[in-house]
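Values in this document were obtained by computation on a predicted structure and should not be read as measured data. Atoms within a ligand are numbered from 1 in the order they appear, just like the ligands themselves.
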Amino acid sequence: METRNDWTRAEVEEIFNMPVLDLIYRAATVHRQYHQANEVQVCTLLSIKTGGCPEDCAYCPQAARYNTDVDHEALLQVDEVLTKASIAKMNGATRFCMGAAWRNVKDNKQFDRVIEMVHGVNSIGMEVCCTLGMLTEEQAQRLKNAGLYAYNHNLDTSEEHYGEIITTRTYDDRLNTLKNVQKSGLSVCSGGIIGLGETDQDRISMLLTLSTLSRHPESVPVNALVRVKGTPLENQERVSIWEMLRMIATARILMPGSQVRLSAGREEMSVTEQAFCFMAGASSIFAGEKLLTTPNPDVDQDRMMFQLLGLHPRAAFKGQENEMAAGKFV
Ligand code: SAM
Ligand code: DTB
Ligand code: SF4
């Protein structure tokens, strides 16, 4: 089915500002046209290198310059990562996303080790995703050749608001990495965070940028800010469910074929609120008791929620079966 990359600001604004129940109804309709609405992609996150990051992202507990409770940890060993991936798989996850608190990838031994991790996780039949900061086209290609499926690199907020949140890199740096990822043939995972003090116009801007990329990101994480003590944004107001629903529903309508991921923030949401998010078009979650450094609902809680709502986990590599049969991923 067709998707559009020529959305205008006026159109996005009109959708975003619809009465919230009409917005959810429209998003739910689109969701059902493009996806099996009872299927939810289950992704597990693992921080493979924690803390000590040189960047100044105002929301992030891993930035070295803020005094948070996050301890710095060196890059994990390959076998530790593979053990964690197998456990995630046993718990029903089909995508495994490894995150590193780096500004960018460097061509060194550490990157060689990440390449081994990617190869190993791919070999157990999971979709592998990495989020390692900025990346050149050659590095993206190397990851792809090792069996990487997707690369996560969030726009985080609008171009207009970006300078209020991060000063150590530019919006164009972000877009450039997304281009490198796309050129290498990897799936792009890119979304943002709400609750950073941005306006509705900023949210509309970010959604417009994402939905007018030459190809929509394969997945779009929508994060609610996790307010972490010691970061400049620790005293931000909590994101309300209505703000989350507007973001998810608008993303679903603009990018109907993408996985819209209900990402950070579930720990503070009730099952009823999460159910509303699935209704509004969320088709994916991060599962497991930790995101990168902050808590997330545990596996049993999610199992109960899936049972209650009649949801089931989406299979790995869905829609890519031919490539799988060709031995590309296993
Ligand atoms: N360092 C790499 C980068 O920034 O691209 C990869 C890891 S970074 C932790 C990945 C993403 O986590 C960020 O882009 C941001 O969207 C999200 N994130 C970090 N801290 C968060 C917080 N406190 N609340 C919500 N999302 C957060
Ligand atoms: C994304 O959009 N959210 C995830 C993942 N991609 C890397 C990270 C959320 C991090 C929340 C704060 C933490 O746990 O450190
Ligand atoms: Fe570093 Fe990524 Fe955190 Fe920014 S979001 S401080 S780049 S780990």
Side-chain angles (χ1 to χ4, degrees), residues 41 43-66 68-73 75 95-106 114 129-135 150-157 162 165-171 173-178 180-181 188-198 206 210 217 219-236 238-239 244 247-248 251 258-268 282 284-297:
Q41 178 192 44
C43 312
T44 293
L45 276 170
L46 176 67
S47 181
I48 55 170
K49 189 269 165 189
T50 307
C53 184
E55 300 289 88
D56 70 350
C57 313
Y59 49 78
C60 186
Q62 302 198 67
R65 66 191 73 203
Y66 311 135
T68 65
D69 287 340
V70 171
D71 292 327
H72 301 191
E73 276 169 42
L75 184 66
R95 182 173 289 198
F96 193 68
C97 180
M98 300 183 275
W102 286 334
R103 167 178 164 78
N104 62 304
V105 172
K106 300 196 178 105
V114 173
C129 177
C130 276
T131 181
L132 313 169
M134 291 183 273
L135 200 65
Y151 194 79
N152 166 255
H153 201 64
N154 290 334
L155 292 182
D156 286 325
T157 189
Y162 204 72
I165 302 299
I166 300 152
T167 68
T168 48
R169 56 171 190 259
T170 65
Y171 214 61
D173 289 332
R174 258 358 228 180
L175 290 168
N176 200 29
T177 292
L178 289 184
N180 292 338
V181 172
V188 170
C189 169
S190 188
I193 313 176
I194 58 170
L196 306 177
E198 73 286 347
M206 185 180 79
L210 290 167
S219 39
V220 181
V222 179
N223 295 276
L225 173 71
V226 183
R227 297 158 302 162
V228 180
K229 200 163 156 272
T231 61
L233 296 180
E234 66 174 313
N235 294 323
Q236 280 297 116
R238 183 186 158 189
V239 166
M244 204 63 183
M247 282 302 286
I248 290 173
S258 303
Q259 296 295 339
V260 176
R261 186 166 306 123
L262 167 57
S263 303
R266 289 202 302 122
E267 174 72 1
E268 290 195 70
S284 174
I285 56 167
F286 283 123
E289 63 227 25
K290 228 183 192 185
L291 290 164
L292 290 170
T293 65
T294 63
N296 195 42

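- If you check which protein heavy atom lies closest to atom 2 (C) of ligand 1, you get G133 N, 3.6 Å.
- The distance cut-off of 2.8 Å around atom 3 (Fe) of ligand 3 captures these protein N, O or S atoms, sorted by chain and number: C60 SG.
- The pair R103-E55 meets the salt-bridge criterion, since a charged nitrogen lies less than 4.0 angstrom from a carboxylate oxygen.
- Note on ligand 1: C57 sits outside its first shell, no heavy atom being nearer than 4.0 Å.
- Scanning all protein heavy atoms for the shortest distance to atom 24 (N) of ligand 1 gives V226 N, 3.0 Å.
- Ranking the protein heavy atoms by distance from atom 4 (O) of ligand 1 puts R174 NH2, 3.7 Å first.
- Only the backbone of A224 comes within 4.0 Å of ligand 1, counting heavy atoms alone; no side-chain atom from C-beta on gets that close.
- Backbone and side-chain nitrogen or oxygen atoms of L225 are examined, and none is located within less than 3.5 angstrom of a nitrogen or oxygen of ligand 1.
- An N or O contact shorter than 3.5 Å links W102 to ligand 1 by distance.
- Residue contacts with ligand 1, taken as heavy atom pairs separated by less than 4.0 Å, involve I193 solely via side-chain atoms from C-beta onward.
- The N/O atoms of Q62, backbone and side chain alike, include none that comes under 3.5 Å of an N/O atom in ligand 1.
- Remark: S284 engages Q41, R261 in a side-chain hydrogen bond (donor to acceptor under 3.5 Å, both in side chains) (not counting sequence neighbours).
- Within the 4.0 Å heavy-atom criterion, neither part of T294 lies near ligand 1.
- Looking at C53 against ligand 1, nothing comes within 4.0 Å, counting heavy atoms.
- Listed by chain and number, the residues in a side-chain hydrogen bond (donor to acceptor under 3.5 Å, both in side chains) with N223 amount to none (sequence neighbours excluded).
- Atom 15 (C) of ligand 1 has as its closest protein heavy atom D156 OD1, 3.4 Å.
- Between the side chains of T170 and D173, at least one donor N or O lies within less than 3.5 Å of an accepting N or O.
- In terms of protein heavy-atom proximity, atom 21 (C) of ligand 1 is closest to Y59 CD1, 3.7 Å.
- In this structure, atom 10 (C) of ligand 1 lies nearest to the protein heavy atom T131 OG1, 4.1 Å.
- In this structure, atom 2 (Fe) of ligand 3 has its sub-4.0 angstrom surroundings free of protein heavy atoms.
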Check ligand 2 against the protein and report each N/O to N/O distance under 3.5 Å, formatted as atom name, atom name, distance.
{"unit_1": "ligand 2", "atom_1": "2 (O)", "unit_2": "N154", "atom_2": "ND2", "d": "2.9"}
{"unit_1": "ligand 2", "atom_1": "2 (O)", "unit_2": "N223", "atom_2": "ND2", "d": "2.8"}
{"unit_1": "ligand 2", "atom_1": "3 (N)", "unit_2": "N223", "atom_2": "OD1", "d": "2.9"}
{"unit_1": "ligand 2", "atom_1": "14 (O)", "unit_2": "L292", "atom_2": "N", "d": "3.0"}
{"unit_1": "ligand 2", "atom_1": "14 (O)", "unit_2": "T293", "atom_2": "N", "d": "2.8"}
{"unit_1": "ligand 2", "atom_1": "14 (O)", "unit_2": "T294", "atom_2": "N", "d": "2.9"}
{"unit_1": "ligand 2", "atom_1": "14 (O)", "unit_2": "T294", "atom_2": "OG1", "d": "2.8"}
{"unit_1": "ligand 2", "atom_1": "15 (O)", "unit_2": "T293", "atom_2": "N", "d": "3.2"}
{"unit_1": "ligand 2", "atom_1": "15 (O)", "unit_2": "T293", "atom_2": "OG1", "d": "2.6"}

